[in-house]
Structures are given as C-alpha cells and as structure tokens.
Amino acid sequence: MNWNYCVGTDIAKDKFDACIRMSESDNKKVVATRTFDNKQTGFAEFLTWIRNKTKNSDSVLVMMEATGVYYEDLVYFLYVNKVSAAVELPNKVKYFAKSHNVITKTDKVDAKLLALYGMDRDVKLWVPMCPDFKILRELTRERLALNKAIVRAKNQRHALNHAHDICTVVLETKTKQIETYESLMQDIEAEITRRYNANSELKARVEKITICKGIRWMSVLTVLCETNGFETFRSIRQVVSYTGLDVVLHESGKYKGKTRISKKGNSHIRAVLYMPALSAKTHNEDWVDFAQRIVDRDPKTKMKSVVAVMRKLLVTIFVLWKNDMEYLPMDQRNMKNK
C-alpha cells in the first residue's frame with residue numbers, strides 16, 4: 001500500500017523520537033520531528049500531533065522497530081485507536097540503512113530512516129497476538145530460559161566435581177542453585193499444562209499434530225505461540241525464513257563457501273525443535289531414511305540431517321495447523337492413496 005504519510009518512531013525505555021514524512025510525487029520530505037515520553041500521556045500527545053500534522057489523513061502508517069519490549073505499549077495504543085502500524089526486525093532496517101549509505105546513528109536519524117523505510121517497503125500491518133498465545137509465549141520462553149540455566153549449572157557442577165580441592169561451600173551452592181531452577185521449572189510447566197488443558201480447542205488441534213512420532217505437545221505449543229498460530233504467514237518459505245532455518249550460500253568465482261542456515265530468525269523455535277529432530281530422525285520411521293540420505297551425501301557433516309529434520313518438523317506443524325489436519329504416518333498415507 002502507498003501511504004501519504006509515514007511516521008518513523010525510534011523507541012527507548014523512557015522516550016521515543018518521531019519523524020513524519022509526506023509522499024509528494026517522487027519526493028518524501030520531512031514534515032515534522034518531535035520527542036515524546038514513552039508512557040500513556042506521551043502516546044496521547046503523539047496521536048494528537050500526528051492528526052494535526054497530517055490533517056487527519058486516513059493514509060498514515062506508524063513505523064517502528066522491534067526493540068525489546070519498549071515498543072509494545074505504543075503499538076497496542078495505536079491499534080486501539082485504529083492507527084495503522086508496522087513493526088520491523090532491526091536487522092532489516094540495518095540493511096536498509098546501509099543501502100542508503102546512512103552512517104550516522106542517532107535516535108532522530110533512526111526515526112527519519114524508519115519513516116523512509118515504511119514508504120519504500122511493502123510492510124505488513126501489525127496485529128495483536130491472540131491473548132492465550134501471548135500468555136503462553138511468555139511462559140514457554142521462561143521455560144526455555146530455565147532449561148538453559150539448568151544445563152549450564154549442571155555443566156558447571158560437573159566441572160567443579162572434577163576440579164582439584166574444590167571448596168565444598170561452592171559445590172553446595174551450585175547444587176542448591178540447580179534445585180531452585182528445577183523447582184521453578186516444575187512451576188512453569190504446571191502453569192503451561194493447566195492453561196493448555198483448559199483450552200479444549202487448542203488441545204484438540206495440537207493432538208492431531210503430535211501423532212507425528214518424535215514431537216511433544218510442549219514443542220508444538222511453543223512453535224504456535226512464537227508465530228501467533230501462523231496468523232500472518234502465507235507460505236512455507238516465510239515460516240522457514242522467520243525461524244532462521246533458510247539456507248545461505250556463499251559463492252564468488254572459484255570460491256565455494258560452506259552452506260549454512262541463516263540463523264537470522266526466531267531462536268526460540270530453533271531451540272525447541274532441536275531435541276524433537278534428534279528423536280524423529282532416529283525413531284520416526286517416516287524420516288529415518290530421509291535423514292540417512294543426507295548423512296550418506298556428506299558423512300562429515302551429520303548436523304545437516306538434524307537441521308533438515310528440524311525444518312521438516314516445522315513445515316509439518318505449519319501445514320497441519322493451517323489446514324486443521326491430522327498427521328498420517330507414511331504407511332497410512334500410502335494405503336489411502338491406493
């Protein structure tokens with residue numbers, strides 16, 4: 001969509017800088033700039049300022065970056081007040097700045113750049129997450145963080161147990177730390193389970209997916225929460241790219257670089273798919289041969305097979321959820337086709 005006005009906003013914890021650009025033939029001139037407080041009174045002043053400067057135009061887009069959580073209050077405020085807004089990943093804006101040879105980085109410069117980005121790029125309008133998914137996303141992310149902390153603490157305790165003449169107080173402290181993390185993990189998982197069981201529709205749809213051997217409902221739920229139930233995704237390519245499981249090639253002339261995944265995406269999804277992929281490539285009859293073919297092609301990089309199965313799991317979840325379908329093992333699919 002072509003916007004008559006685009007408002008770039010660079011948001012910090014206590015304030016945000018805004019810049020309004022107006023599209024006039026091929027010119028995208030700056031109309032006004034201003035700084036506001038990042039709180040409700042500042043949001044109200046911001047909205048009044050936009051309406052005054054754009055003459056209450058219906059074609060106004062507010063453009064911002066996903067900088068931590070500081071943008072969330074503003075984007076929800078704009079949504080309630082029926083103002084179109086878009087939130088972009090910082091790395092995309094960074095590459096856009098490079099393409100325009102923008103070297104200086106200040107809050108005001110970033111706001112002007114975001115206003116230009118919103119006019120030049122075909123951006124997706126922001127929509128709020130489903131309330132259930134939003135709460136579950138916070139819980140599942142905390143679960144992943146606690147699991148990481150437990151693994152790290154256990155590795156540290158293992159090292160301490162093999163160190164020479166270690167202080168017993170340090171060892172006891174590390175053990176108590178692990179016990180605390182594990183207790184918190186039980187609390188988090190109990191709350192996730194309670195909310196999951198309370199939502200019968202969600203549970204029924206997830207159970208259709210978990211027929212696939214190797215993946216538990218917790219992993220499927222985490223993927224759904226991180227993607228808002230794939231609400232804004234229209235293709236497999238978009239989902240794979242968002243997760244950072246898309247393949248990146250580096251070749252130039254005679255140089256042939258290594259093929260890698262981009263990892264420029266949602267790290268929570270990659271983290272939660274890793275163990276299910278290890279399980280599926282070993283125990284899921286449908287995918288054992290698939291994984292083995294990849295290993296046979298390049299025995300030195302067995303990790304490729306794990307990544308390939310991670311991608312296959314993600315695509316399976318996406319297709320089944322989008323179509324509200326039940327997973328059919330390969331033998332049943334073959335019988336059905338006959």
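Predicted model, so just to flag it, every value in this text is computed and none were measured. For the single chain, residues carry numbers from 1 onward in sequence order.
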query = Does K124 count as lying over the ring of F233, i.e. NZ or CZ under 6.0 Å from the six-ring centre, within 45 degrees of the axis?
reply = yes
ask   = Between Y76 and N81, does any side-chain donor sit less than 3.5 Å from a side-chain acceptor?
value = no
message = Through direct or indirect side-chain contacts below 4.5 angstrom among Ile, Leu, Val, Met, Phe, Trp and Tyr, which residues connect to V80?
response = none
inquiry  = Would K53 pass as a cation-pi partner of Y5, given that its NZ or CZ must be under 6.0 Å from the six-membered ring centre and within 45 degrees of the axis?
reply    = no
request  = Give a yes or no on whether the ring-centroid distance for F16 and F46 is below 6.0 angstrom.
outcome  = yes
request  = Give the other cluster members for I166, using side-chain heavy-atom distances under 4.5 Å between Ile, Leu, Val, Met, Phe, Trp and Tyr residues; answer none if it is isolated.
outcome  = L160, V170, L171
query = Can you name the nearest heavy-atom pair linking K13 to N38, along with the distance?
reply = O-ND2, 3.4 Å
inquiry  = Does H100, at its NE2 atom, have more than 12 non-hydrogen atoms belonging to other residues, nucleotides or ligands within less than 6.0 Å?
reply    = yes
task = Say whether Y117 and E88, considering side chains only, have a donor N or O and an acceptor N or O under 3.5 Å apart.
result = yes
message = For a side-chain contact (heavy atoms from CB on, under 4.5 Å) check, start with the C-alpha distance between V315 and V239, then their side-chain angles and the critical distance, and finish with the verdict.
response = CA-CA 8 Å; V315 171; V239 177; over 6 Å; no
query = Going by atom types only, do T35 and D17 share a side-chain donor-acceptor pair under 3.5 Å?
reply = yes
key: Distance, nearest 0.5 Å, that separates OG1 of T222 from CG of L273   = 9.0 Å
